[in-house]
Trainee: 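One structure is given below, represented as structure tokens, and several questions about it will come after.
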There are 2 protein chains.
Amino acid sequence: MAHKYEQVAASIRESIARSLAPHDALASERELMAIHGVSRMTVRKAISVLVDEGRVYNVHGSGTYVGSADIFSKTPKLTSFTEDMISRGSVPSSRVLEVARIAAPDAVATALNLTPSDAVTQIRRLRLADDTPIALEEVFLPTTVLETESLNLGASLYEQLRLAGHEVYRAEQEIKAITLTREDSLLLEVAVGSAALSVTRVSSSRRGHLIEFARTTYRADRYTFQLAVTRDDK
Amino acid sequence: MAHKYEQVAASIRESIARSLAPHDALASERELMAIHGVSRMTVRKAISVLVDEGRVYNVHGSGTYVGSADIFSKTPKLTSFTEDMISRGSVPSSRVLEVARIAAPDAVATALNLTPSDAVTQIRRLRLADDTPIALEEVFLPTTVLETESLNLGASLYEQLRLAGHEVYRAEQEIKAITLTREDSLLLEVAVGSAALSVTRVSSSRRGHLIEFARTTYRADRYTFQLAVTRDDK
DNA sequence: AAGTGGTCTAGACCACCGC
DNA sequence: CGGTGGTCTAGACCACTTC
């Protein structure tokens, strides 16, 4: 809690939880200045954090108000499967299907800006939530990012990448519906020909270096994707 | 272009397009102050807009840099079907299947915080892109928001809502994979039993009033959903 | 050590809302 | 009209990266 605006934001979060209902007005920015003994910019920075979190909204000329309940934090974050499952209240586990060092498949080479002769580390895993198969995950990492032999499947992949100086910061995802192949149906323990949600992800560092290509196939009956969007014409 | 920070942002956007490559450094904030004759806060506001757009990124202690190409504008916006198709480069059209005034179905009543006896306006449309069926859309609006009789299907629904004082600002969406029913398969002109992408949306005004419940079923072979996500532990 | 972005102050005026 | 959030100035110091 080093910065003042974080303290102010925390204090506002508390008073919302303690005594305010959705659409109640917050104290005005000038009042908050006096209450916390800070400048207006610090108050506004604190409020902007809460706006980003979806906890409050501004109405020009009128005030700042508490947002509707449960609109919070639906903004999708870049998470590992493990983090995602925990946040959904399930216990994640995993079964490794395959680890290999291969030449980059075309789709991977294109996405990661490699040549097809470049080597990548391939990891295929069956992912489970509360001991039920829920997803098939296939990850490709350039060997220049992480060598196949130095991979430790017992530990968090993103943590290993971070320690190797390739902290994942941002990703682009494509979500689509597919029909499962027979073998994938068997692995996920659903009827052959079932629909599934396919998420393809290309991850990069803060500086924009391409780190990871991943494709995850989720059981349609056990996984949905939620997000909040705004109009924001500007 | 009323505000100074917008002018500064526009100027930076131009110089990126004209002469900068991904990962090139921008002029420093203090240089930008001098160049544009504005204060540091205005420069930082301009840069923060560009960061939100994904065009540049900051590195504390080092500089502000041009982001990787084509990472732009993948942040999903709340759009109408028409806007969405145009931004994807297709020509949208539409065939109305049904318009009715009905009692709110359970799922709709729950989502919009109505009682099952409240009336809603129901609109079912087949949506086409370049004359090919691409989605089935079902929209429910409380009659207190828009009366069935005053609906004009020739005009933009969101525009009508805005004029009625119910400007849509925010929505929560749930995306999942489903298997099409026989009748929906026929309407979308795909094989019976095909997979499809189902998007359920609950829209609200800036002030948090619930306005619309919509469910759109997209052909899996013609529609994918793309979005950028960040890690942002903070 | 020099330069960068990150935080913060103490003011000011403008644009908008509600009475 | 008074009060609100939105923009803006001209400074200051801190935290971090780079050399």
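In what follows, every chain begins at residue 1, and chains take the letters A, B, ... in the order their sequences are listed.
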Trainee: Round to the nearest Å and state the distance from B/E29 atom CD to C/dG3 atom C1'.
Mentor: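 Going from B/E29 (CD) to C/dG3 (C1'), I get 12 Å.
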Trainee: Which whole-number value in Å describes the distance from B/K45 NZ to C/dG5 P?
Mentor: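 Atom NZ in B/K45 sits about 18 Å away from atom P in C/dG5.
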Trainee: How many whole angstroms separate atom CG of A/L32 from atom P of D/dG3?
Mentor: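 These atoms are roughly 16 Å apart.
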Trainee: What integer distance in Å separates A/E31:CD from D/dG2:P?
Mentor: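 Whole-Å distance recorded here is 17 Å.
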Trainee: Would you check if A/E53 and A/R13 make a side-chain contact, meaning some heavy-atom pair closer than 4.5 Å?
Mentor: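 Counting from C-beta outward, A/E53 and A/R13 do come under 4.5 Å.
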Trainee: Using a cut-off of less than 4.0 Å, is there contact between a side-chain N or O of B/S28 and OP1 or OP2 of C/dG3?
Mentor: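 It does not, given that no N or O in the side chain of B/S28 lies less than 4.0 Å from OP1 or OP2 of C/dG3.
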Trainee: So, A/R101 and A/T121: side-chain donor and acceptor under 3.5 Å apart, yes or no?
Mentor: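 A/T121 and A/R101 do not have a side-chain donor-acceptor pair below 3.5 Å.
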Trainee: Of all residues at least two apart in sequence or in a different chain, which pass the ring-ring contact (aromatic ring centres under 6.0 Å, His included) check with A/Y65?
Mentor: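 A/Y65 satisfies ring-ring contact (aromatic ring centres under 6.0 Å, His included) with A/Y57 once adjacent residues are dropped.
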Trainee: Do the charged groups of B/R44 and B/E29 touch, with an N to O distance under 4.0 Å?
Mentor: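 Looking at B/R44 and B/E29, the cut-off is met.
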Trainee: Let me know the distance between CD1 of A/I47 and P of D/dT4, rounded to the nearest Å.
Mentor: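 So the CD1-P distance, A/I47 to D/dT4, works out to 12 Å.
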Trainee: Can a cation-pi geometry be assigned to B/R125 and B/F81, taking NZ or CZ under 6.0 Å from the six-membered ring centre and within 45° of the ring axis?
Mentor: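 Checked: cation-pi criterion not met.
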Trainee: Base, backbone or nothing for each nucleotide of nucleotides 9-19 of chain D, written B, S, -, heavy atoms under 4.0 angstrom, 5' to 3'?
Mentor: B--BB-BBBS-
Trainee: Checking B/E167 against B/Y158: is there a side-chain donor and acceptor pair closer than 3.5 Å?
Mentor: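 Side chains of B/Y158 and B/E167: no pair found under 3.5 Å.
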Trainee: Between B/Y5 and D/dC8, is there a side-chain N or O to OP1/OP2 distance below 4.0 Å?
Mentor: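 B/Y5 to D/dC8 OP1/OP2: no side-chain N or O under 4.0 Å.
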Trainee: Can you check the B/Y57 OH to C/dG5 P distance for me, whole Å?
Mentor: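 Going from B/Y57 (OH) to C/dG5 (P), I get 13 Å.
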